[in-house]
Amino acid sequence: MSYFITYKNTAIHFKDIGKGNAIVLLHGFLENHRMWEDLIPLLQDKYRIVSIDLLGHGKTECMGYIHTMELMAETVMAVIKHLKLRRVTLVGHSMGGYVSLALADVHPDYVKGLVLMNSTARADTPEKQLNRSRAIALVKQNHTAFIRMSITNLFRPKNRSLFRNKVNTTKKEALKTPLQGIVAALEGMKIRPDREVLLHFSPYKKMMVLGKKDPILDYSSLIAQTQNTEVEVVELPDGHMSHIEDFKLFSSNLIHFIENL
Ligand code: MLT
């Protein structure tokens, strides 16, 4: 079922289905709750699945001109409190992972498990920050071209034709993201702090799912983050879109993690 709550005068949209321990699914940049549509049927018989549209994405409105990861985490927390959930498992794809970390940083007592999927605990490098500023200029010039190019670049090159239909659906959904939402998320990601310490010192179980050929994230940096931690690492062979490019491996590893919490 689809619901809205109002938080700080802003409509926040989410879906809530199933009963049991709560799994909170957080999409990435230019995505929305629909990215989880293939995964949810595998979980909804045993768990309560809450998939939330982050600020300026999907059916959730914008709140100003910078959506920090902390502000997005606040809206997620508002949904968690509204539903009276305790100790949830957060599954965040990329930017959704940054938001999960921001939430877990402030509310570790609400977290039972944390899954970072094609995401990183590190802050942007100066080079990445520069690229974000370029992206902001680009999207202001040509919204459609920016989105089409950005989505294509998330997939491993050889998968772009193999998963043509999924790539096109992802683009179609992404094209619904308003300019303000895109710019605000880019500004927010640009200034997010490093949260690697949470991978070392936190009371909940953690898993990192990474694509060895992720065009966006550096594989060796991700592996380095997990050294000397108890983070479970799942290495998948493809790109940034593990829920599409490696759906079976991704979903079976996720279910295994959740079942063993
Ligand atoms: C995402 O998929 O959410 C973004 O690529 C993350 C990022 O740009 O850091």
Side-chain angles (χ1 to χ4, degrees), residues 24-36 39 51-58 60 66-73 75-76 90-103 114-139 146-157 159-160 163 166-167 169-171 173-178 181-196 208-211 213-219 221-222 225 236 238-246 250:
V24 174
L25 303 176
L26 301 177
H27 62 79
F29 177 57
L30 298 177
E31 296 169 333
N32 60 54
H33 71 278
R34 298 198 63 182
M35 71 166 279
W36 307 110
L39 178 70
S51 51
I52 305 175
D53 280 342
L54 296 171
L55 284 175
H57 286 70
T60 290
I66 302 182
H67 293 155
T68 61
M69 302 303 103
E70 294 73 29
L71 186 60
M72 293 204 195
T75 65
V76 172
L90 297 166
V91 180
H93 182 230
S94 202
M95 182 181 79
Y98 311 156
V99 176
S100 304
L101 285 164
L103 190 154
L114 173 68
V115 179
L116 297 180
M117 177 192 164
N118 314 112
S119 193
T120 172
R122 290 192 177 162
D124 273 3
T125 58
E127 188 193 354
K128 185 98 193 187
Q129 288 179 325
L130 199 65
N131 285 339
R132 296 220 193 267
S133 303
R134 290 199 184 110
I136 290 169
L138 220 63
V139 69
F146 171 81
I147 290 176
R148 288 183 179 282
M149 182 195 67
S150 303
I151 298 297
T152 302
N153 289 342
L154 300 176
F155 290 82
R156 185 179 178 183
N159 286 340
R160 293 172 190 169
F163 294 98
K166 290 279 185 193
V167 175
T169 318
T170 308
K171 282 183 185 167
E173 285 302 319
L175 284 165
K176 296 178 188 166
T177 319
I182 296 174
V183 173
L186 287 166
E187 295 283 12
M189 287 193 281
K190 193 159 85 174
I191 57 171
R192 74 183 192 282
D194 184 297
R195 290 200 161 93
E196 253 184 285
M208 208 155 175
V209 178
L210 48 98
K213 302 284 181 196
D214 191 326
I216 306 287
L217 297 170
D218 178 48
Y219 171 71
S221 150
L222 297 178
Q225 290 172 44
L236 300 178
D238 293 284
H240 193 67
M241 304 297 264
S242 295
H243 57 295
I244 296 175
E245 295 174 275
D246 292 300
F250 162 64

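Everything numeric in this text was worked out from a predicted model, so none of it was measured. Just so you know, ligand 1 is whichever comes first in the structure, and atom 1 is the first atom listed for that ligand. Note that these values count all heavy atoms, side chains included, but never hydrogens, waters or copies made by symmetry.
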* Structure fact -> In this structure, atom 9 (O) of ligand 1 is nearest to the protein heavy atom Tyr98 OH, 2.5 Å
* Structure fact -> Under 4.0 Å from one or more heavy atoms of Met95, ligand 1 contributes atoms 1 (C), 3 (O)
* Is it true that the NZ or CZ of Arg192 lies under 6.0 Å from the centre of Tyr98's six-membered ring and within 45 degrees of the ring axis? -> yes
* To do: Heavy atoms only: give me the nearest Pro193-Glu70 pair and the separation to one decimal.
  => CD-OE2, 3.5 Å
* To do: Could you list the residues that satisfy ring pair (Phe, Tyr, Trp, His ring centres under 6.0 Å) with His93, not counting sequence neighbours?
  => His240, His243
* Any His240 heavy atom less than 4.0 Å to ligand 1 -> yes
* Asked: Which is it for Met241 and ligand 1 at heavy atoms under 4.0 Å: side chain, backbone, both or neither?
  -> neither
* Asked: Considering only heavy atoms from C-beta outward, does the side chain of Ile182 approach that of Ile147 to under 4.5 Å?
  -> yes
* Structure fact -> The salt bridge (Lys or Arg N to Asp or Glu O under 4.0 Å) partners of Lys176 (sequence neighbours excluded) come to Glu173
* To do: Please check if any side-chain donor atom of Asn131 sits under 3.5 Å from a side-chain acceptor atom of Arg134, or the reverse.
  => yes
* Asked: Where is the nearest protein heavy atom to atom 6 (C) of ligand 1: which residue, which atom, and how far?
  -> Ser94 OG, 3.0 Å
* To do: Measure the distance from atom 8 (O) of ligand 1 to every protein heavy atom, then report the residue, atom name and distance (to 0.1 Å) of the closest one.
  => Arg132 NH1, 2.9 Å
* Asked: Which ligand 1 atoms does Phe29 reach within 4.0 Å, using its non-hydrogen atoms?
  -> 1 (C), 3 (O), 4 (C)
* Structure fact -> The reported gap from CZ in Arg156 to CG in Asp246 (rounded to nearest 0.5 angstrom) is 8.5 Å
* Structure fact -> If we number the atoms of ligand 1 from 1 as shown, the ones under 4.0 Å from a heavy atom of Gly28 are 3 (O)
* Asked: What do we get for Glu31 next to ligand 1 when only non-hydrogen atoms under 4.0 Å count, side chain, backbone, both or neither?
  -> neither
* Asked: Can you find an N/O atom of Ile216 closer than 3.5 Å to an N/O atom of ligand 1?
  -> no
